[in-house]
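To keep things clear, I will list the structure first and then write my remarks on it.
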Amino acid sequence: MGGLIEYKAFFPIDSIQKVCELFEEQLRPQKEPDLTLLSIIAGAVENNLTNIKTSDKDVNVTQNKIRMKFPSVAWDEVKSLYDRFATLMRSGVDAKLLSGEYSTRELVKRVADVVWNSLTRSYYKDRAHLQSIYSFLTGNKLDCFGVAFAVTAACQVLGKNDVHLALSEDHAWVVFGKDGKDTAEVTWHGKGNEDKRGRPVGDGVLAHSWLYVAGKPVVCTRVMEVAALVSSINPTLTPTIDIHEIALMQYKLLMILYEKGHLDAYPMALGNLADLEEYMKLPNCIDEYKHSPLNGDEAINNPRPDVASLYLQAIRSSRNYYEDRHVYPYTFQGGYYHRHKQYKEAFHAWACAGDVIRHYNYSRDDEEIYKEFSEIANELIPQLMKVESSGHSARSLLKDPECFASLLRFYDGICKWEEGSQTPILHIGWAKPLVSTISKFDCDVRAQVHIVCNTDDPISDDSKITEAAENKDPTTSNDSWNDASENVKMSVREQLTAAVNSRPRVTLYSHKMAALKPLLLAERLNTHALQLQLTAQSQLQRPQTQRRDDEEQNTGSAARAKRARRER
């Protein structure tokens with residue numbers, strides 16, 4: 001862009017503080033952030049710091065992080081890369097396509113083709129550090145998110161500012177035209193789908209899958225595209241080792257965006273910030289955080305947000321802006337509670353995730369969220385149930401009917417997700433852990449749960465009444481529904497009525513779980529019958545031409561690169 005020279009004074013960029021200063025300058029209200037410039041800088045830092053071997057003698061490995069010297073990014077290098085990107089786009093796009101006030105589908109497809117044809121002939125879905133324009137220019141490699149971001153940045157370079165990034169929880173595309181009403185695929189998801197470039201989003205069966213969030217994606221403004229760029233930064237060197245300087249840089253940039261209100265409508269970025277906030281409070285990180293350049297008096301005057309409140313804010317963002325159709329805010333929150341051994345709260349968060357996923361039909365392109373639910377159902381829950389069942393605590397989860405109700409909601413959501421889908425989910429690998437978990441609850445605990453079957457009305461949603469529960473005082477007893485101390489003046493009939501009405505209530509929407517109701521409430525569980533019914537392919541599903549409650553106009557867009565999990 002013409003004003004690139006004005007940023008020369010920020011170079012060389014050789015510290016996190018200088019990166020933050022440049023980003024803050026770009027985020028000033030009277031400016032439009034330059035996506036190409038910021039992506040080159042962020043990518044240069046990330047790629048330089050991750051292009052190492054853990055055996056290098058200058059690398060200091062401490063616990064699960066690596067400390068390294070921050071690289072120096074020179075002005076001449078950045079300007080050269082910027083000019084190459086601008087020249088590539090301007091020479092590859094016919095000037096006739098640039099006429100008119102708004103972008104056309106032909107222009108968007110042409111820009112996507114220029115990016116695509118510059119890449120090496122391979123897919124990099126699961127490779128890290130390939131999401132930036134720096135990676136594109138220095139290695140001709142981009143992941144799925146990187147392609148969509150590069151197309152958006154290229155359109156900005158070409159002067160077409162109506163093209164914006166659209167993000168689901170695992171895919172990316174663009175919106176363009178007047179009021180952003182037009183949508184276009186510009187990247188791939190899975191192998192062999194490159195021919196979708198230029199097509200509108202929202203056609204066919206996949207539009208009703210989680211991959212496209214049923215028309216409720218994050219449609220970015222320019223500053224939210226900066227947030228997407230920062231959120232896509234990946235600090236991991238290996239699955240168990242992070243580069244501390246990258247994590248700290250990402251944290252500080254996200255905090256700048258958060259404090260300016262640019263993450264309010266971006267649940268995934270809020271979840272990433274919460275993860276990083278938790279990471280920064282680890283014993284081996286806290287000292288460096290306290291003494292890092294942008295802390296001190298400013299940090300004292302503006303206390304950092306609480307980790308749990310950030311996860312809750314991500315959930316509220318999904319509810320307020322996207323009709324509660326995003327799953328990751330709940331699984332992020334559940335993971336946080338699980339790490340801190342707050343198992344009842346984790347069950348509740350996972351149940352809410354089940355409430356969301358039941359609005360979709362499962363597709364093979366939903367592999368990332370499938371793996372997420374599989375880990376929860378077949379690893380995390382069985383492990384924690386094993387821990388709980390081995391003790392003799394009077395407050396064990398196994399004696400809490402609300403936990404049992406949460407588990408039923410979680411499993412019901414997965415079963416409903418399976419209905420109407422061409423591919424089954426609940427094979428024996430799912431059924432065995434599910435039945436084993438349920439069987440650990442005694443019959444008197446199971447009997448306290450009021451189960452309602454509502455397989456014909458998927459519109460009502462129990463999750464809508466859970467926000468009050470999430471905001472309540474955590475010291476309040478969750479067993480107050482069974483406390484008769486305040487009912488001594490009530491008649492026996494009134495006490496019985498009150499007890500029934502205050503029992504934990506769960507509504508089952510899937511045919512599979514509804515059919516299991518008699519077995520779930522039986523005094524003696526028939527585990528064999530439970531397994532048979534769970535693994536049977538449900539033929540009670542509605543035809544593919546009929547959709548669920550979110551079957552409205554699906555003109556959305558969505559995406560973002562799947563973040564790397566931080567193992568703690």
Side-chain angles (χ1 to χ4, degrees), residues 27 167-170 213 216-221 223-233 247 250-282 289 298-299 301-340 342 344-357 369 372 461 463-474 476 558-563 565-566 568:
L27 292 170
L167 307 170
S168 74
E169 297 186 287
D170 194 40
V213 290
K216 302 296 183 293
V218 176
V219 178
C220 295
T221 60
V223 290
M224 288 174 69
E225 284 156 0
V226 176
L229 156 67
V230 175
S231 193
S232 71
I233 292 172
Q250 184 183 29
Y251 170 77
K252 288 181 175 294
L253 291 175
L254 281 175
M255 188 57 70
I256 289 170
L257 290 157
Y258 173 82
E259 291 175 347
K260 294 179 180 295
H262 299 320
L263 304 186
D264 292 350
Y266 196 165
M268 184 70 76
L270 288 167
N272 286 345
L273 177 58
D275 268 7
L276 286 162
E277 181 67 41
E278 186 180 7
Y279 169 82
M280 290 300 161
K281 290 183 176 179
L282 293 176
Y289 175 82
E298 181 182 352
N301 297 329
N302 300 288
R304 291 178 292 167
D306 178 72
V307 178
S309 68
L310 283 170
Y311 286 117
L312 183 56
Q313 189 172 344
I315 290 170
R316 287 174 175 158
S317 176
S318 176
R319 291 179 176 175
N320 292 338
Y321 295 98
Y322 309 108
E323 298 184 18
D324 203 18
R325 290 298 184 264
H326 292 209
V327 181
Y328 277 138
Y330 295 109
T331 60
F332 289 179
Q333 185 189 52
Y336 168 77
Y337 285 135
H338 180 265
R339 289 191 296 275
H340 290 269
Q342 296 175 260
K344 182 171 181 176
E345 290 81 0
F347 280 150
H348 174 74
W350 292 333
C352 290
D355 287 335
V356 176
I357 201 64
I369 201 63
E372 191 89 2
D461 196 337
S463 66
K464 300 302 180 186
I465 64 173
T466 60
E467 188 162 7
E470 292 167 2
N471 289 307
K472 69 183 178 183
D473 185 347
T476 302
R560 76 134 261 191
K562 179 79 162 61
R563 65 178 187 153
R565 291 279 182 253
R566 291 188 180 84
R568 297 185 178 81

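- For the side chain to side chain contact (heavy atoms under 4.5 Å, CB included) test, residues two or more places apart in sequence or in another chain that qualify with N320 are R316.
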Test side-chain contact (heavy atoms from CB on, under 4.5 Å) applied to F332 and M268, step by step: CA-CA 9 Å; F332 289 179; M268 184 70 76; 3.6 Å; yes
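- Here Y336 pairs with nothing under the side chain to side chain donor-acceptor pair (under 3.5 Å) rule; sequence neighbours left out.
- A donor-acceptor contact shorter than 3.5 Å links the side chain of H326 to the backbone of K216.
- In this structure, the side chain of S231 does not engage the main chain of A228 through any donor-acceptor pair within 3.5 Å.
- With hydrogens and angles ignored, the 3.5 Å screen pairs a side-chain donor or acceptor of Q250 with a backbone N or O of V230.
- Judged by distance alone, the side chain of S232 and the main-chain N or O of L229 form a donor-acceptor pair under 3.5 Å.
- Judged by distance alone, with hydrogens and angles left aside, the side-chain atoms of Y322 form a donor-acceptor pair with the main-chain N or O of A265 at under 3.5 Å.
- Qualifying side chain to side chain donor-acceptor pair (under 3.5 Å) partners for Q313, counting only residues two or more places apart in sequence or in other chains: Y258.
- Side-chain atoms of E169 come within 3.5 Å of backbone atoms of V327 as a donor-acceptor pair (strictly under, hydrogens ignored).
- Among residues two or more places apart in sequence or in another chain, the side chain to side chain contact (heavy atoms under 4.5 Å, CB included) test is passed with A351 by S406, R409.
- Inspection of the N272 and Y266 side chains reveals no N or O donor paired with an N or O acceptor under 3.5 Å.
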